[in-house]
Amino acid sequence: MLSNISNVLRAGLQRNGAAVVMSARTYADFTPEATFEIKKCDLHKLEDGPATQVVMTREEGLQYYRIMQTMRRMELKADQLYKQKIIRGFCHLYDGQEACAVGIEAAINLSDHLITAYRAHGYTYTRGGTVKEIMAELTGRRGGIAKGKGGSMHMYCKNFYGGNGIVGAQVPLGAGVALACKYFGNNELCVSLYGDGAANQGQIFETYNMAALWKLPAIFICENNRYGMGTSVERAAASTDYYKRGDFIPGLRVDGMDVLCVREATRFAADHCRSGKGPILMELQTYRYHGHSMSDPGVSYRTREEIQEVRGKSDPISMLKDRMLSNNMASVEELKEIDVEVRKEIEDAAQFATTDPEPPLDDLCNHIFHNNPPVDVRGTNPWTKLKSVS
Amino acid sequence: MAASLRCFLRSGKNAVSALGRREFHRSSPAAVQMTVRDALNQAMDEELERDERVFLLGEEVAQYDGAYKVSRGLWKKYGDKRIIDTPITEMGFAGIAVGAAMAGLRPICEFMTFNFSMQAIDQVINSAAKTYYMSAGLQPVPIVFRGPNGASAGVAAQHSQCFAAWYGHCPGLKVVSPWNSEDAKGLLKSAIRDDNPVVFLENELMYGVPFEMSEESQSKDFTIPIGKAKIERQGSHVTLVSHSRYVSHCLDAAVVLSKEGIECEVVNLRTIRPLDVETIEASVMKTNHLVTVEGGWPQFGVGAEICARVMEGPAFNYLDSPVTRVTGVDIPMPYAKILEDNSLPQIKDIILSVKKTLNV
């Protein structure tokens, strides 16, 4: 115990340089785990649902807090860089929805698969991308996760299939990944995410049909943040019960602002898939603080009061923080320390993202074909002969 | 001010001859500056007012005033019946629009970008383009599909494709590609009044660009015929044929080349299908050299078609060198700025191509 205190002191001094305000409490004082009562899910074609009494350990809490805070600060930094015109094109920010990405990842394995649409920076992070590579991709540099060639909407990493720009197209893709999981017999599953706007896409219903018919290990998740660009759910959907839209596919409606709700529901869904029962659908009720993209102020179709209310009452990071503090699972200082570390990580990543050089011109034509001999590529005129080396 | 001066210079000989034709007064015509966006807005406004059967549908066209603000104010003026916000379901609403056209309405179906029209392309081709033929003239489809086409800035591969060649390939469709504000207004009005399916390819980067509008273009009955190209600049050494945004590039290249004594004739296609081959041929027979400029990919593109048509007609014998195509690079559009800039024709590429074609 004494060594613990001295370690904290030493670490604190290294960080701040100046005098450290140290809590008189040691880590042994904190509650190692606590049971929480969470909102019951609405069920569709299901007898039982996820548990409403869940256990969260101190480690889990700190981990979820750190990851959500990292995602939050990363998105806010992207907002800043976009306004400075260092990020260009499309930029769809995820702040407000952190509990979804973190809760889902907490209930699946990195060996499982996931695909989403264009509001993808958070998922790129939870699936294994680093903040540095994500930010450098946003700024279009060679150190970006897609070498600067994809941009905001086209980030990929192992078992993460993007980042997709065409609304709804990612859902059949995800079911295809699930088909491969079943084909290989590897007990893996695929999570396919889409928004409330995409939920009306025909190809999603085609996918539901085939996934159910062939009992694919697919979890379809609708992130319902109430607005498809500038159109509210009431103006776009004849039925806003997105968790029921799978008809013959069982569904859950989940509080998407509570990371524990999301985690529990995803655990339930994953069990369902892995037991060979076929696909399952989840609707996460969530909210985005930013507009649809950086070119949308986000207040022409909703009120500032509404945004403020969600921020004040349902912010996922605040909710987790309150839970941990009121259950003596962490101290204010400890969480502040995490905030400081996160801020530094984001600053360092932004620094990298703004100083890393752009991709080299001779990468222009690469990555057209895989495992292919080099190919001549026509440039802008007949005298510019470029080359593509796989 | 600089923009209107440039525009005046560009209209060059045409403006002078227009002045010459005036009988009542010799002062310059009432000049109005209008952005392409406002010209499109005005065209739709005037046609909505003129014909009750015209209506607009698409994503965010009504309450949001349009994703790119092209339909600003229209919902406020015409209401829910005439300006309809759709869910994000292209295949569905394009089909609905085509059905409405078959039943006697005159829909304007907006695709937020033409990249998304791929989701609906079956309805555009199989339901709209081919039906009049299949029904032996019984069932016309008076519909306009419009929206931004081609590359924007930093929107990456899935949002940057040019569809001029794809739609230009299909009989039964008219395919229009305006350049400036007058083009936008006159051609959109013609498209809406046309009893056939028209694919109207706009350009996002042109929306905010102001151009001078001639006095006649300010009339509510101003239309530009579909299928007729326009000579934007007279020249005698080489013909530059282009459409949409790249007309600007050609005119800018022409200014630079003029300083070196090379006079370019710049042809603004205005329509991709039907292609105004006659105007191209007449120009080639005058200049003996041809360079085509487009943003789309080279293979099976607009330039490729122009080459084929020139070879099949009288202008071939007037060519002193093979036709040169300036096109986008044959790759999916990269995101990073340096790569994107080098994926599309730049003014220097046009200048190089002209010089190589002229062997100077």
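All figures in this text were calculated on a predicted structure; none of them were measured in a lab. In what follows, chains carry the letters A, B, and so on, assigned in the order in which the sequence lines appear, proteins first and then strands, with residues in each chain numbered from 1.
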Q | Region of B:A67 that comes under 4.5 Å of a non-hydrogen atom in chain A | A | both
Q. Quick check: are there more than 12 heavy atoms from other residues, nucleotides or ligands sitting under 6.0 Å from NZ of A:K147?
A. no
**Q.** Over 12 non-hydrogen atoms of neighbours within 6.0 angstrom of NZ in B:K77
**A.** yes
**Q.** side chain to side chain contact (heavy atoms under 4.5 Å, CB included) assessment of A:Y301 paired with B:Q63
**A.** CA-CA 8 Å; A:Y301 48 85; B:Q63 295 187 22; over 6 Å; no
**Q.** Contact origin within A:T139 toward chain B - heavy atom pairs under 4.5 Å
**A.** backbone
Q.
Please classify the contact between B:N342 and chain A as side chain, backbone, both or neither, with a heavy-atom cut-off of under 4.5 Å.
A. both
Q. Quick one: of B:V326, B:D330, B:I338, who has the most non-hydrogen atom pairs under 4.5 Å with chain A?
A. B:I338
**Q.** Interchain contact, A:I204 with chain B, by part (heavy-atom threshold 4.5 Å)
**A.** neither
Q. Which region of A:V167, side chain (C-beta onward) or backbone (N, CA, C, O), has a non-hydrogen atom less than 4.5 Å from a non-hydrogen atom of chain B, or is it both or neither?
A. both
Q.
Before you tell me yes or no, could you show the steps for B:I88 and A:N200 under side chain to side chain contact (heavy atoms under 4.5 Å, CB included), namely the whole-Å CA-CA distance, both residues' side-chain angles and the distance that decides it to 0.1 Å?
A. CA-CA 7 Å; B:I88 310 173; A:N200 302 309; over 6 Å; no
**Q.** Shortest non-hydrogen separation from A:G140 to B:A336 and the atoms involved
**A.** O-CB, 3.3 Å
Q) A:L364 and B:L339: which non-hydrogen atoms are nearest, and at how many Å? A) CD1-O, 3.4 Å
Q. Is it the side chain or the backbone of A:T231 that comes within 4.5 Å of chain B heavy atoms, both, or neither?
A. both
**Q.** Interface moiety of A:I87 toward chain B, non-hydrogen atoms closer than 4.5 Å
**A.** both
Q) Is it the side chain or the backbone of B:F93 that comes within 4.5 Å of chain A heavy atoms, both, or neither? A) neither
Q. Of the non-hydrogen atoms in A:Q201 and B:Q119, which two are nearest, and what is the gap between them?
A. NE2-OE1, 3.0 Å
Q | Over all atoms of both residues, closest heavy-atom pair of B:E60 and A:M229 | A | OE2-CB, 3.2 Å
(Q) Below 4.5 Å, heavy-atom pairs only: which of A:A198, A:G202, A:G151, A:G144 has the largest tally toward chain B? (A) A:G151
Q) Where does B:I350 contact chain A at under 4.5 Å (heavy atoms): side chain, backbone, both or neither? A) neither
Q: Check A:C365 against B:V329 and note the closest heavy-atom contact, atom names and distance.
A: SG-CG1, 4.2 Å
Q: Flag the one option from B:Q346, B:Q158, B:M333 with the top tally of heavy-atom pairs under 4.5 Å to chain A.
A: B:Q158
Q | Top contributor to chain B interface from A:M153, A:H292, A:E137, A:R141 [non-hydrogen pairs under 4.5 Å] | A | A:M153
Q: Decide if atom CD of A:Q84 counts as having more than 12 heavy atoms of other residues, nucleotides or ligands within a radius under 6.0 Å.
A: yes
Q. Given a strict heavy-atom distance threshold of 4.5 Å, which part of B:E59 is in contact with chain A: side chain, backbone, both, or neither?
A. neither
Q. Hey, do the aromatic rings of A:F90 and B:H159 have their centres closer than 6.0 Å?
A. yes
Q: Looking only at non-hydrogen atoms, find the nearest pair between B:D85 and A:R235 and report the distance.
A: OD2-NH1, 2.8 Å
Q) Can you find a heavy atom in the side chain of A:S152 that is under 4.5 Å from one in the side chain of B:Y335? A) no
(Q) Any heavy-atom pair between the side chains of B:T327 and A:R378 that's under 4.5 Å? (A) yes
Q: Using non-hydrogen atoms and a 4.5 Å limit, figure out which bit of A:I166 sits close to chain B: side chain, backbone, both or neither.
A: both
Q: Output, in order, the C-alpha distance, side-chain angles, deciding distance and verdict of salt bridge (Lys or Arg N to Asp or Glu O under 4.0 Å) for B:E340 and A:K149.
A: CA-CA 9 Å; B:E340 187 180 48; A:K149 298 169 89 163; over 6 Å; no
Q) Say you draw a straight line from OG1 of A:T380 to CG of B:L352; how long is it, rounded to the nearest 0.5 Å? A) 8.0 Å
Q: Verify the neighbour count for atom NZ of B:K69: are there more than 12 heavy atoms of other residues, nucleotides or ligands below 6.0 Å?
A: yes
